[in-house]
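Here the structure is laid out as structure tokens; the discussion comes afterwards.
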Amino acid sequence: MCGILGIVGNTDVAAQLYDGLTVLQHRGQDAAGIATADGHRVRMHKGNGLASEVFDETAMQLLEGRYGVAHCRYPTAGSAGCDEAQPFYVNSPYGIALSHNGNLINTEALRREVFEQDRRNINTDSDSEVLLNVFAHELDTQRALTPEAAFKAIEGVHRRCKGGYTAVAAVLGLGLVAFRDPNGIRPLVLGKRTTPDANDEYCVASESVALDLLGFERMRDVIPGEGIVITADGQLHTRQCIEQQAFAPCIFEYVYFARPDSMMDDISVHKARMRMGQKLGEKILRLRPDHDIDTVIPIPDTSRDAALEIANVLGVKYREGFIKNRYVGRTFIMPGQGERVKSVRRKLNPIPLEFRNRVVLLVDDSIVRGTTSKQIVQMAREAGARKVYLASAAPPVRHPNIYGIDMPSAEELVAHGRTDEQVQDFLGCDWLIYQDLTDLVEAVSGPKNRIENFDSSCFNGEYVTGIDADYFDRISQLRSDEAKKKKLKVAS
Ligand SMILES: O=P(O)(O)OC[C@H]1O[C@H](OP(=O)(O)OP(=O)(O)O)[C@H](O)[C@@H]1O
Ligand SMILES: NC(=O)CC[C@H](N)C(=O)O
Ligand SMILES: [Mg+2]
């Protein structure tokens with residue numbers, strides 16, 4: 001799940017874009033980039049690694065410009081190579097640099113169409129480069145460079161592109177253009193900063209935490225299918241560019257991806273996770289009113305909010321039994337299974353006295369490939385636990401995600417084709433309990449209950465955009481861990 005960010009300011013924006021990237025870093029650790037624009041130049045710097053590794057003082061100094069976009073990448077298409085780091089740039093029309101979060105599911109057909117009809121070459125395997133070229137072509141067919149023209153181009157994007165996407169682009173001579181897919185699968189939020197005697201400044205970002213950090217006031221989430229244009233002199237224009245379709249924001253953002261201090265589609269991620277814990281705690285009490293759990297232990301980081309609430313509902317102690325090495329990143333979004341397996345042990349170490357002779361309930365936000373939980377259960381046993389129970393604040397992940405989370409192959413999911421008992425055996429725990437999907441949906445929508453229909457495809461196999469019958473086979477051939485390993489071998 002990449003992080004995207006765009007700012008229109010009264011002074012150079014590169015430093016703010018960099019700061020913004022540092023709080024979106026949890027959305028993508030593989031590559032980072034910034035493009036700024038002013039006058040007749042787009043300046044860009046990008047590369048593999050964390051934002052702090054990609055940018056140094058010299059790179060930052062070159063990034064002049066009062067509007068610009070930034071990106072941190074977690075690849076869901078193509079390779080993890082530096083030529084697919086973002087933003088992507090095209091010089092025609094006008095000069096456009098674009099950052100994309102999400103995943104297109106009709107990339108192959110679009111790639112052909114873009115080449116044959118629009119006569120544009122796509123030089124990488126990235127779906128984001130395709131998205132940029134579709135937008136560029138659609139803008140090129142307009143007569144002038146105005147907000148109106150940008151909205152027409154966005155209309156064209158929505159007509160042609162299928163999948164989950166948000167994007168923010170710096171268009172030379174116009175300003176910032178942003179849009180969100182018609183189902184609102186991927187998140188995008190808009191913020192404003194007012195300064196006396198100067199133009200209003202604006203920011204669009206994947207998560208509101210970036211607005212908080214940079215001192216922008218959160219105005220609202222971008223509406224599904226909406227287009228946003230902020231001209232270089234700070235004028236905001238908005239337009240619904242396609243009629244509203246089923247609103248289906250990705251539920252996995254609330255389960256795992258987003259930071260807890262973000263507000264997403266007007267829902268506090270922190271509160272959603274707390275409610276997940278309450279629901280799961282109640283389920284545990286329903287199923288085992290006479291449970292023998294001594295301690296609830298979270299698997300840090302993301303499960304903490306839910307675990308604390310489970311402990312409260314059960315009336316047992318909450319203990320931090322695993323210490324996280326703060327210098328190891330998120331393991332789930334690492335590109336290869338080998339690296340993920342090694343990183344769990346490097347990342348988490350038990351405090352034996354929290355386990356010795358106790359019945360512990362370990363809590364994770366989700367169990368996807370089972371990489372984390374299998375090792376953690378074993379570590380809890382070795383640390384002396386009498387019994388190890390495991391609770392997942394999300395239901396079993398049984399289906400691929402195709403809208404921006406890299407779970408392309410069902411075979412890699414531990415719960416695919418296994419019953420809950422079989423997963424329990426595979427993970428080696430004494431009891432495994434999952435959240436029910438209805439409870440998860442209620443927990444996320446909360447008391448306001450404004451959103452009924454989340455994209456929960458990885459839990460229920462229902463894909464809001466519809467998909468071609470052979471899509472899964474194709475994508476699994478391209479992007480399974482096995483396929484990625486083969487590609488690496490060929491490249492080396
Ligand atoms: O079943 P798996 O395939 O192991 O995936 C699920 C695990 O991966 C994530 O943790 P991660 O280390 O990425 O990040 P976190 O520190 O935010 O929890 C998630 O929070 C689970 O712990
Ligand atoms: N996670 C994402 O949003 C990825 C964006 C894009 N599909 C890429 O692979 O670069
Ligand atoms: Mg985790």
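Order of appearance sets the numbers: ligands from 1, and atoms from 1 within every ligand.
- Between R180 and D265 there is a salt bridge, with a side-chain nitrogen of the basic residue lying less than 4.0 Å from a carboxylate oxygen of the acidic one.
- For atom 20 (O) of ligand 1, the choice among V368, V397, D365, T302 with the nearest heavy atom turns out to be D365.
- Taking 4.0 Å as the cut-off between side-chain N and carboxylate O, R381 and D430 count as a salt-bridged pair.
- When heavy-atom distances to ligand 2 are checked against 4.0 Å, the residues falling inside are M1, C2, R73, Y74, P75, T76, A77, Q86, H100, N101, G102, N103, D127, S128, G404, ordered by chain and number.
- Side-chain contact of Q337 with R340: a donor-acceptor pair under 3.5 Å is present, judged by distance alone.
- With a 4.0 Å heavy-atom cut-off, ligand 1 is reached by the backbone of T372 and by its side chain too.
- Remark: D212 does not engage R259 in a salt bridge, criterion side-chain N to carboxylate O under 4.0 Å.
- R369 N, 2.8 Å is the protein heavy atom nearest to atom 3 (O) of ligand 1.
- Residue S373 places every heavy atom at 4.0 Å or more from ligand 1.
- Inclusion of I333 in the set of residues having an N or O under 3.5 Å from an N or O of ligand 1 is not warranted.
- A donor-acceptor pair shorter than 3.5 Å cannot be found between the side chains of T295 and E354.
- Nearest protein neighbour of atom 13 (O) of ligand 1, counting heavy atoms only, is Y256 OH, 2.6 Å.
- Listed by atom number, the atoms of ligand 1 under 4.0 Å from D364 heavy atoms are 20 (O), 21 (C), 22 (O).
- Looking only at heavy atoms of the protein, atom 8 (O) of ligand 1 is closest to F332 CB, 3.3 Å.
- A cation-pi arrangement, defined by a distance under 6.0 Å to the six-membered ring centre and an angle within 45 degrees of its axis, is absent between K283 and Y434.
- When only interatomic distances are considered, the shortest N/O to N/O separation between G370 and ligand 1 falls below 3.5 Å.
- Atom NZ of K342 is surrounded by 12 or fewer heavy atoms from other residues, nucleotides or ligands within 6.0 Å.
- Shown in contact with T371 at under 4.0 Å from a heavy atom are these atoms of ligand 1, numbered in order with element: 1 (O), 2 (P), 3 (O), 4 (O).
- Here Y165 and F135 keep their ring centres 6.0 angstrom or further from each other.
- Close approach to S366 involves these atoms of ligand 1, each under 4.0 Å from a residue heavy atom: 6 (C), 21 (C).
- Counting the atoms of ligand 1 from 1 in the order shown, those under 4.0 Å from a heavy atom of I367 are 1 (O).
- Checked by atom type, the side-chain pair R346/T331 shows no donor-acceptor distance below 3.5 Å.
- Between the side chains of S457 and D455, at least one donor N or O sits under 3.5 Å from an acceptor N or O.
- One option in H26, E412, K347, Q375 has a heavy atom closer to atom 11 (P) of ligand 1 than any other, and that option is K347.
- For the 3.5 Å distance criterion, the side chains of Q29 and Q25 fail to qualify, holding no donor opposite an acceptor.
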Exercise. Would you sort out whether N121 and N123 count as a side-chain hydrogen bond (donor to acceptor under 3.5 Å, both in side chains), showing the intermediate values?
Key: CA-CA 6 Å; N121 178 46; N123 217 32; 3.2 Å; yes
